[in-house]
Amino acid sequence: GGPASLSRFRGALVAAVLGDCVGGEFEGAEEVPMESVLQHLNSLDDETKGNGILEYSDDTAMARCVVQSLLTRTGFDEQDMARRFAKEYSASPGRGYGNGVIQVLKKLSSPQLTDVYQPARDQFNGRGSFGNGGAMRAAPFALSFPDLADVKRFAHLGAMLTHSCSLGYNGAVLQALAVHLSLQGALDLPQQFISRLITEMEEVEANEETRNDARILQEAEKPFCERLHRVRDLMDKSKVSIEEVISELGNGIAALHSVPTAIFCVLHCLEPRDCLPGSFGGVERTIAYSLALGGDTDTIACMAAAIAGAHYGIEAIPQSWIKCCEGAEDADMDAGRLHKLYHQL
Ligand code: 8NA
Ligand code: MG
Ligand code: MG
């Protein structure tokens with residue numbers, strides 16, 4: 001479809017759910033042979049197996065709150081979004097939330113709370129979380145606001161409800177930017193896509209908070225920009241091993257060690273790869289490759305799939321995968337509503 005077509009919206013939101021559900025199988029695994037990944041993915045097509053539904057985790061649970069909040073409030077409302085996060089957590093606490101963020105979600109449910117950003121600021125002795133929990137739910141911001149400045153601003157604020165460290169919320173901004181650009185068709189020109197992300201993040205990371213956090217955590221002055229340069233270097237290489245991707249970009253629960261990784265997965269899988277079945281389309285390749293990196297597989301696959309889904313559209317997603325993932329059909333319906341909101345805001 002053309003820029004910002006309904007197919008791209010559906011592709012982004014549905015693929016994100018699939019990445020989360022399918023990726024849950026390998027979450028936290030240190031090494032994941034591609035053979036195991038393909039076996040797992042093939043079992044999704046095998047209806048005779050009657051394997052039950054794959055449940056979604058915190059990634060999708062929180063993204064659903066973001067979507068419902070943006071839709072009902074026709075825009076960003078921090079009180080409403082915070083309330084939804086808290087309510088969702090108390091209804092289903094067993095979705096695999098990070099150890100730290102649970103404290104925030106409990107505090108957010110207090111009726112006495114006046115500043116909904118305060119619990120997040122209190123995390124980790126006042127330093128805030130740098131986990132990827134803000135980034136994993138950032139795609140809906142790109143699917144609600146057509147204006148780039150709005151995408152950045154609201155992805156930032158939406159992440160700040162749980163992640164007040166710049167290395168956390170800037171990961172959310174980067175993820176939303178990647179989905180935004182992909183929705184416009186920017187992945188047709190991969191080199192320009194990565195350059196554009198670097199240019200945008202140069203501006204996003206040009207401030208005192210980022211410099212301070214980076215210094216304390218002993219990272220480069222503009223941590224996400226530095227990682228995006230590494231992504232570009234890996235793109236330029238003719239052969240890249242899984243080990244190299246992990247050591248250069250990471251596969252962990254920090255936003256810095258997973259958002260650039262997810263972006264690389266998308267870029268690397270734009271073309272068919274020898275390690276992946278020729279029958280796979282782009283979304284399948286992206287998810288399979290993300291899982292083979294191990295580590296925080298559900299979240300990396302979720303983020304990569306959102307970007308890839310916005311590029312390839314809903315037609316690239318196998319029906320059989322949709323059928324066995326909890327929440328995938330809901331995501332498809334919500335994508336239609338977000339598409340309307342986007343063309344209205
Ligand atoms: P979070 O905010 O609790 O952060 C996750 C973890 O990162 C924390 O528990 C800490 O260990 C560490 N961390 C974050 N910020 C700091 C800091 N400033 N100083 C020291 N340590 C810090 O949760 P989140 O929402 O960011 O979640 C991140 C990921 O963890 C998600 O992918 C989610 O699925 C979850 N998770 C991951 C695994 C796994 O990969 N093995 C297992 C269960 C849950
Ligand atoms: Mg998860
Ligand atoms: Mg995870």
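Throughout, numbering of the chain's residues begins at 1 and tracks the sequence. One-based numbering, in listed order, for ligands and for the atoms of each. Atoms considered below: every heavy atom in the structure, side chains included; atoms not considered: hydrogens, waters and symmetry mates.
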Applying side-chain contact (heavy atoms from CB on, under 4.5 Å), run through Tyr169 and Glu209 and close with a yes or a no. CA-CA 11 Å; Tyr169 62 72; Glu209 300 91 82; 3.8 Å; yes

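Classified by interplanar angle (parallel below 30°, tilted 30° to 60°, perpendicular above 60°), the ring pair His339/His343 is perpendicular. Ring pair Phe26/His40 is perpendicular by interplanar angle, where above 60° counts as perpendicular and below 30° as parallel.
Within the cation-pi definition used here (under 6.0 Å to the ring centroid, within 45° of the axis), Arg273 does not qualify as a partner of Tyr289.
Under a 4.0 angstrom heavy-atom cut-off, Ala255 registers as lying outside contact with ligand 1. Residue contact check for ligand 1: His163 places a non-hydrogen atom closer than 4.0 Å to it. The shortest separation from a heavy atom of Gly96 to ligand 1 is under 4.0 Å, placing the residue in contact.
Within a 6.0 Å radius of CD in Glu329, no more than 12 heavy atoms belonging to other residues, nucleotides or ligands are found. Around CG of Asp236, the count of heavy atoms belonging to other residues, nucleotides or ligands within 6.0 Å exceeds 12.
Among Asp58, Leu167, Ile102, Asn132, the residue whose heavy atom lies nearest to atom 29 (C) of ligand 1 is Asn132. Atom 4 (O) of ligand 1 has its nearest heavy-atom neighbour, among Gly134, Cys302, Ser129, Gly100, in Ser129.
To the nearest 0.5 Å, atoms OG1 (Thr74) and NZ (Lys340) are separated by 14.5 Å.
Inclusion of Gly128 in the set of residues having an N or O under 3.5 Å from an N or O of ligand 1 is warranted. At under 3.5 Å, a nitrogen or oxygen of Gly133, whether backbone or side chain, sits near a nitrogen or oxygen of ligand 1. Ligand 1 has no nitrogen or oxygen under 3.5 angstrom from a nitrogen or oxygen of Met136. Annotation: Phe124 places no N or O atom under 3.5 Å from an N or O atom of ligand 1; distance criterion only.
The Mg ion (ligand 3) has no N, O or S atom of Asn132 inside 2.8 Å of it. Using a cut-off of 2.8 Å, one finds that Asp296 contributes an N/O/S atom close to the Mg ion (ligand 3).
Restricting Asp58 to its N/O/S atoms, the shortest distance to the Mg ion (ligand 2) is reached by OD1. Of all the N, O or S atoms in Asp298, the one closest to the Mg ion (ligand 2) is OD2. The atom of Glu27 that is an N, O or S and sits closest to the Mg ion (ligand 3) is OE2.
At the Mg ion (ligand 2), the vertex angle linking OG of Ser57 with OD1 of Asp59 is 80° (nearest 10 degrees).
In this structure, a donor-acceptor pair under 3.5 Å is present between the side chains of Asp334 and Gln68.
Protein heavy atom closest to atom 42 (C) of ligand 1, with residue, atom name and distance, is Glu27 OE2, 3.5 Å.
Residues Tyr342 and Phe145 place their aromatic rings such that the two centres sit no closer than 6.0 Å.
Nearest heavy-atom pair, Thr297 versus Leu291, reported as atom, atom and distance to 0.1 Å: CG2-O, 3.5 Å.
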